[in-house]
Novice: 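Structure provided below as structure tokens; questions to follow.
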Amino acid sequence: MSRALLGDVVVMGIETSCDETGVGICRRRRDGTVELLADEIASSVDEHARFGGVVPEVASRAHLEAMVPTVRRALDVAAVRPSDVDAVAVTAGPGLAGALLVGMAAAKAYAVAWDVPLYGVHHLGAHIAVDTVEHGPLDRPSLALLVSGGHSSLLEVTSLAAPIRILGATIDDAAGEAFDKVARLLGLPFPGGPYIDRAATEGDRAAIAFPRGLTGPRDAPYDFSFSGLKTAVARWIEARQRDGVDVPVADVAASFQEAVVDVLTRKAIRAATDAGIDQLLIGGGVAANSRLRALAQDRCVDAGITL
Amino acid sequence: MLAIDTATPAVTAGVVRCATTTEATTTEATTAEAATTEAATAEALATRVTVDARAHGELLTPHITAVLAEAEIRFDQVDAIVCGIGPGPFTGLRVGMVTAASLGHALGVPVYGVCSLDAIAAEASGDSVLVVTDARRREVYWAHYRGGRRVAGPEVTAPAELPDVGATVAAGDGARIYADVIGLPVVGPAYPSPAGLVSAAGPLDGVPAEFRPLYLRRPDAVEPGARKKVSAGPQPPRPAA
Ligand SMILES: [Zn+2]
């Protein structure tokens with residue numbers, strides 16, 4: 001109570017929407033700044049590798065095993081006693097249902113045991129909040145492109161406290177999922193993103209004209225579709241193999257990656273321009289893709305948008 | 001003592017008081033006897049059970065706070081947590097187990113895992129008891145008890161393939177659902193009760209064993225086939241966005 005009155009609030013956050021058990025501890029100071037005290041992650045990525053994608057049941061099993069040890073580590077690293085925690089926050093969705101359930105049950109248990117409030121958090125809103133911890137508060141309405149193994153969304157964000165407007169999302173595979181699946185086709189390890197990125201640096205982006213999903217004049221302007229692209233890559237590789245010709249992994253990786261980031265950036269810029277927004281945020285695992293960053297940078301400059 | 005089980009469609013929480021008269025028992029052979037002694041002294045002060053296979057996540061924590069309130073026990077007065085570790089359908093089972101593990105950590109008390117079938121057996125009278133619970137997908141989890149001790153199982157199988165272990169009675173929700181296949185008189189509770197869980201846990205004075213779920217089934221996932229059959233190969237399940 002007294003701490004809260006002074007304005008210092010310690011919050012423990014739990015995230016289990018996909019294959020990582022994440023526990024973060026933050027201190028929000030009186031002046032509104034937020035300090036990250038601990039950010040502990042247990043990943044089940046290795047267990048999914050042999051399946052070439054995230055298997056929900058495998059992820060949920062790993063969350064159960066990792067939950068308490070990860071909370072313990074986070075408290076240790078943050079040097080925070082349980083009695084110092086003023087609130088618990090948890091990803092309430094969207095994400096893998098069974099995986100979310102593990103994090104939510106744990107968060108509820110900690111909250112009732114410590115007698116502190118529990119906050120359910122929208123996963124995409126949390127992605128944007130992460131950006132504000134790094135780069136300071138949102139100073140103006142922004143467009144957020146969130147791309148990961150679990151989602152590909154375009155969001156209009158006016159402020160952290162205001163509801164997020166979802167302008168568009170994938171209608172089938174998430175972008176990161178497409179990377180994983182194509183990596184598998186190319187015999188690259190899981191998770192596919194970094195490996196395709198690396199392979200693509202030696203390939204020709206224009207070597208193969210893979211389709212750009214949902215970019216026709218009558219298609220939903222802000223929605224994404226990557227399932228057709230994945231199939232096109234599969235067909236292309238199959239045809240090559242049928243002819244007994246080697247598959248040029250670098251060219252396929254580069255051309256596939258170009259098709260994904262071309263659509264992502266094109267639609268993001270268009271959504272920003274249409275909404276009169278001059279700031280673009282990119283978040284999620286796929287944001288680490290070097291070609292996505294480069295192309296987004298170029299196109300933002302052209303459109304007069306800050307990245 | 002706080003007792004929790006979510007290995008069946010029942011969302012179960014209870015506060016159980018144990019008399020602490022049990023003599024310390026260390027050898028394997030006397031464990032069952034100790035459990036029997038405890039059974040006589042495990043008294044449920046408050047119990048909440050809701051049978052709804054889809055409500056574990058929603059109802060368990062409210063059930064826990066409700067039983068503590070009814071028993072007039074504060075969280076910091078809980079000495080230990082006993083939790084069913086299955087076998088049971090995975091999603092619900094995990095809710096109970098992660099709740100128990102988190103509460104145990106948050107409160108600094110030990111968490112004891114109990115085979116959920118043992119908890120049913122603890123309240124089923126009979127010298128040779130077959131405990132059968134519904135595993136969905138037309139299968140059951142089962143274990144066989146003789147003189148109060150588990151002598152076979154837990155395992156998962158189709159009801160028609162239950163081995164003939166010579167049991168005289170059957171207990172558990174599976175024993176009711178598949179009564180005509182099993183052909184044994186049904187006794188005892190359909191689901192684990194808080195008192196049953198605590199009884200089955202035996203003397204709670206040692207270091208808890210590793211707290212791990214009894215899944216008995218592997219995750220449903222297919223490893224990708226060879227690279228040759230690119231689009232015809234098996235696909236991994238798609239994570240929901
Ligand atoms: Zn995410």
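The sequence lines fix the lettering, A, B, ..., with proteins before strands; numbering per chain opens at 1.
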Novice: Work out which heavy atom in A/A105 is nearest to a heavy atom in B/V98; give both atom names and the distance.
Specialist: CB-CG1, 3.5 Å
Novice: Is atom CZ of B/R54 surrounded by more than 12 heavy atoms (other residues, nucleotides or ligands) closer than 6.0 Å?
Specialist: no
Novice: Has B/R17 got more than 12 heavy atoms of other residues, nucleotides or ligands less than 6.0 Å from its CZ?
Specialist: no
Novice: Above 12 or not: heavy atoms from other molecules or residues under 6.0 Å from CG of B/D76?
Specialist: yes
Novice: Closest approach of A/Y110 and B/A106, non-hydrogen atoms and distance?
Specialist: CD2-CB, 3.6 Å
Novice: Hey, which of A/V68, A/V102, A/L64 has the most heavy atom pairs under 4.5 Å with chain B?
Specialist: A/L64
Novice: Name the region of B/L103, side chain, backbone, both or neither, that has any atom closer than 4.5 Å to a heavy atom of chain A.
Specialist: both
Novice: Given side chains that start at C-beta, do those of B/S102 and A/V71 come closer than 4.5 Å, heavy atoms only?
Specialist: no
Novice: Could you tell me which portion of A/M104 (side chain, backbone, both or neither) has an atom closer than 4.5 angstrom to a non-hydrogen atom of chain B?
Specialist: neither
Novice: If you tally heavy-atom pairs under 4.5 Å against chain B, which of A/V112, A/L75, A/D19, A/L101 wins?
Specialist: A/V112
Novice: Are any of the side-chain heavy atoms of B/R212 and A/E65 separated by less than 4.5 Å?
Specialist: yes
Novice: For chain B, find which of A/S148, A/S153, A/G98, A/A106 contributes the most heavy-atom pairs closer than 4.5 angstrom.
Specialist: A/A106
Novice: State, with a plain yes or no, whether a side-chain heavy atom of A/R61 is found less than 4.5 Å away from one of B/R94.
Specialist: yes
Novice: Sort out for me which of B/T91, B/T99, B/L68 touches chain A most, counting heavy-atom pairs under 4.5 Å.
Specialist: B/T99
Novice: Do other residues, nucleotides or ligands put more than 12 heavy atoms under 6.0 Å from the CG atom of A/D243?
Specialist: yes
Novice: With a 4.0 Å cut-off on N to O distance, would you call A/K108 and B/E58 a salt bridge?
Specialist: no
